[in-house]
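Okay, structure first, notes after.
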Protein chains: 2
Amino acid sequence: MSAARPGSGSASATRGALLDAAAQLMLEEGYAAVTTRRVAARADANPALVYYYFGTVDELFLALFRRGAEANLRRLEDLRQSAHPLRALWELSSEPHSAALTVEFIALAHHRPAVRAELSAYFVRFRRLQGDILEATLVHRPSTAPSPAALAVLISGLSRVLVMDDALGLTSGHAEVRELIDGFAARFEGVTPTTSDAAASPEPGRADPDGPD
Amino acid sequence: MSAARPGSGSASATRGALLDAAAQLMLEEGYAAVTTRRVAARADANPALVYYYFGTVDELFLALFRRGAEANLRRLEDLRQSAHPLRALWELSSEPHSAALTVEFIALAHHRPAVRAELSAYFVRFRRLQGDILEATLVHRPSTAPSPAALAVLISGLSRVLVMDDALGLTSGHAEVRELIDGFAARFEGVTPTTSDAAASPEPGRADPDGPD
DNA sequence: GTCTATACTTCGATAGAC
DNA sequence: GTCTATCGAAGTATAGAC
């Protein structure tokens with residue numbers, strides 16, 4: 001309660017518009033394009049308001065990340081009720097917007113300690129929750145299968161490389177990797193692995209594809 | 001032959017120093033820190049020399065990427081002679097410096113078309129070569145095993161997520177994933193999967209851990 | 001909460017002397 | 001090949017009126 005600055009609790013429309021603008025810029029032009037002037041211009045707001053709401057650009061980044069992180073953790077919780085948690089998990093990690101933002105934030109984290117700490121804490125929570133869901137879903141997995149923690153790493157890594165490749169136009173081997181994942185999901189969720197199936201039965205909490213994976 | 005600018009063929013010490021400085025800055029502080037002034041300062045050179053050698057900052061990025069890319073492709077070629085090509089392949093993709101630079105370049109590629117085209121072309125070549133080596137190494141693989149192209153994607157994705165996780169201090173599930181890879185390598189290369197083995201028999205062409213994965 | 005005005009820094013890029 | 005000098009644009013951040 002030291003600095004009298006409106007926090008994430010304040011449901012200000014301007015604050016939200018600034019965060020939206022920052023997210024757009026980060027997606028379209030990378031984290032370096034997120035400057036006070038450009039964010040304000042895109043949000044049709046005055047540049048000084050960025051300082052009013054966030055204090056520094058670093059804090060703006062943190063606020064943006066937190067908003068997406070919390071939304072994503074909520075969506076992850078919702079997955080528990082899904083009929084196909086494994087597939088829903090895979091699709092949550094495969095959203096282009098979300099994954100592209102994640103890459104930007106990871107690059108940012110490499111040289112901004114505050115961002116690094118925030119990402120680190122978030123990913124610990126995300127992976128743990130992911131592991132819990134996998135554990136509950138794969139009740140009959142053989143003893144030779146990877147542990148939930150290892151599966152969480154596999155899902156993160158494979159979904160991320162596919163999305164990064166897509167952004168570069170790389171496609172070689174992709175179809176086969178997707179089939180591999182689909183086959184794995186089918187074996188443990190016992191459902192025919194057709195893409196039309198996924199399209200026909202939308203999962204809960206998939207409305208706002210935003211934030212880190 | 002239009003603009004009289006020294007190319008990568010010119011073995012200028014200054015040019016190399018500028019590229020080294022750019023690589024350092026990119027690693028330590030991200031691509032946004034790569035500015036003409038800062039690069040020149042770190043290389044103990046005059047800022048105007050950046051324009052003399054590269055013309056624009058974009059060209060500097062491209063030259064830096066190309067240098068690392070070519071070095072990496074050479075190292076990949078050398079792997080063919082390795083006693084354990086599969087493990088060597090894995091380790092080549094797991095180098096922290098190289099992978100961190102790759103993440104920066106991928107983030108850069110998201111909004112710089114010239115960088116994007118360069119990365120795209122490079123990765124196509126890299127993955128293809130990776131696939132060729134895998135094909136030659138895994139001569140006795142079962143028909144159910146993933147194709148070389150898919151394996152190349154798996155290796156890229158898993159090595160990259162482990163390195164990115166390491167940078168954030170995440171370790172959950174890592175040991176198991178490494179064991180998985182090691183087990184796979186052992187099964188197809190027929191060697192006891194001890195880490196001391198890898199340390200005891202260094203592979204050729206691993207002198208300069210630089211450039212994209 | 002929103003605005004103007006401003007101080008100060010750093011950026012990319014160029015012209016031209018040496 | 002290397003340097004100085006310089007332009008205009010854009011960056012962060014703050015003070016203070018409304």
Side-chain angles (χ1 to χ4, degrees), chain A residues 1-22 24-26 28-64 104 107-108 111-115, chain B residues 1-22 24-26 28-64 104 107-108 111-115:
Chain A
M1 299 285 173
S2 52
R5 199 180 307 288
S8 56
S10 83
S12 157
T14 302
R15 196 188 123 98
L18 290 172
L19 287 177
D20 289 342
Q24 279 175 34
L25 282 169
M26 207 162 174
E28 294 168 14
E29 303 184 45
Y31 65 75
V34 179
T35 68
T36 51
R37 279 174 158 87
R38 297 201 60 189
V39 166
R42 183 164 293 222
D44 272 318
N46 190 286
L49 289 176
V50 175
Y51 296 98
Y52 173 74
Y53 281 107
F54 303 102
T56 67
V57 177
D58 247 78
E59 288 295 325
L60 169 62
F61 277 125
L62 288 177
L64 176 60
E104 291 290 332
L108 251 187
H111 63 279
R112 301 218 189 193
V115 175
Chain B
M1 299 285 171
S2 52
R5 198 179 308 287
S8 56
S10 84
S12 158
T14 302
R15 196 188 124 99
L18 289 172
L19 287 177
D20 289 342
Q24 280 176 33
L25 281 169
M26 206 161 175
E28 294 168 14
E29 303 182 46
Y31 66 74
V34 179
T35 69
T36 52
R37 284 173 159 85
R38 296 200 60 189
V39 165
R42 183 164 294 222
D44 273 318
N46 190 285
L49 289 176
V50 175
Y51 295 98
Y52 173 73
Y53 281 107
F54 303 103
T56 68
V57 177
D58 247 78
E59 288 296 324
L60 170 62
F61 277 125
L62 288 177
L64 177 61
E104 290 291 331
L108 250 188
H111 64 279
R112 300 218 188 193
V115 175

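Labels below follow one simple rule: chain letters A, B, ... track the order of the sequence lines, proteins then strands, and each chain is numbered from 1. Only heavy atoms go into these numbers, but all of them, side chains included; no hydrogens, no water, no symmetry mates.
Put simply, A:Tyr53 has a side-chain N or O that comes within less than 4.0 Å of OP1 or OP2 on C:dT2. Taking side-chain N and O atoms only, B:Asn46 has no distance below 4.0 Å to OP1 or OP2 of D:dG1.
In this structure, the side-chain hydrogen bond (donor to acceptor under 3.5 Å, both in side chains) partners of A:Arg42, at least two apart in sequence or on a different chain, are A:Gln24, A:Glu28. Scanning for side-chain hydrogen bond (donor to acceptor under 3.5 Å, both in side chains) contacts around A:Glu104 gives an empty result, with sequence neighbours left out. Legend: residues meeting salt bridge (charged side-chain N to carboxylate O under 4.0 Å, His left out) with B:Glu59, ordered by chain and number and at least two apart, are absent. Scored by the side-chain hydrogen bond (donor to acceptor under 3.5 Å, both in side chains) test, B:Asp58 finds B:Arg112 as partners (sequence neighbours excluded).
Put simply, CG on A:Leu49 is 15 Å from P on D:dT12, counting in whole angstrom units. As rounded to whole Å, 15 Å separates atom C1' of C:dC11 from atom CD of B:Glu29. Rounded to an integer number of Å, the gap from A:Leu60 CG to D:dA13 P is 11 Å. If you take CZ of B:Phe61 and C1' of C:dC11, they are 13 Å apart, rounded to a whole angstrom. Atom pair B:Asp44:CG and D:dC3:C1' shows a separation of 15 Å (rounding to whole Å applied).
Annotation for A:Val39 and A:Leu18: closest pair CG1-O, 3.5 Å, computed over non-hydrogen atoms.
Screening residues 30-41 of chain B for salt bridge (charged side-chain N to carboxylate O under 4.0 Å, His left out), with sequence neighbours left out, gives B:Glu29-B:Arg38.
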Inset, instruction - Treat primed atoms plus P, OP1 and OP2 as sugar-phosphate and everything else as base, then score nucleotides 12-18 of chain C 5' to 3': B for base contact with protein heavy atoms under 4.0 Å, S for sugar-phosphate contact only, - for none. - result: BBB----
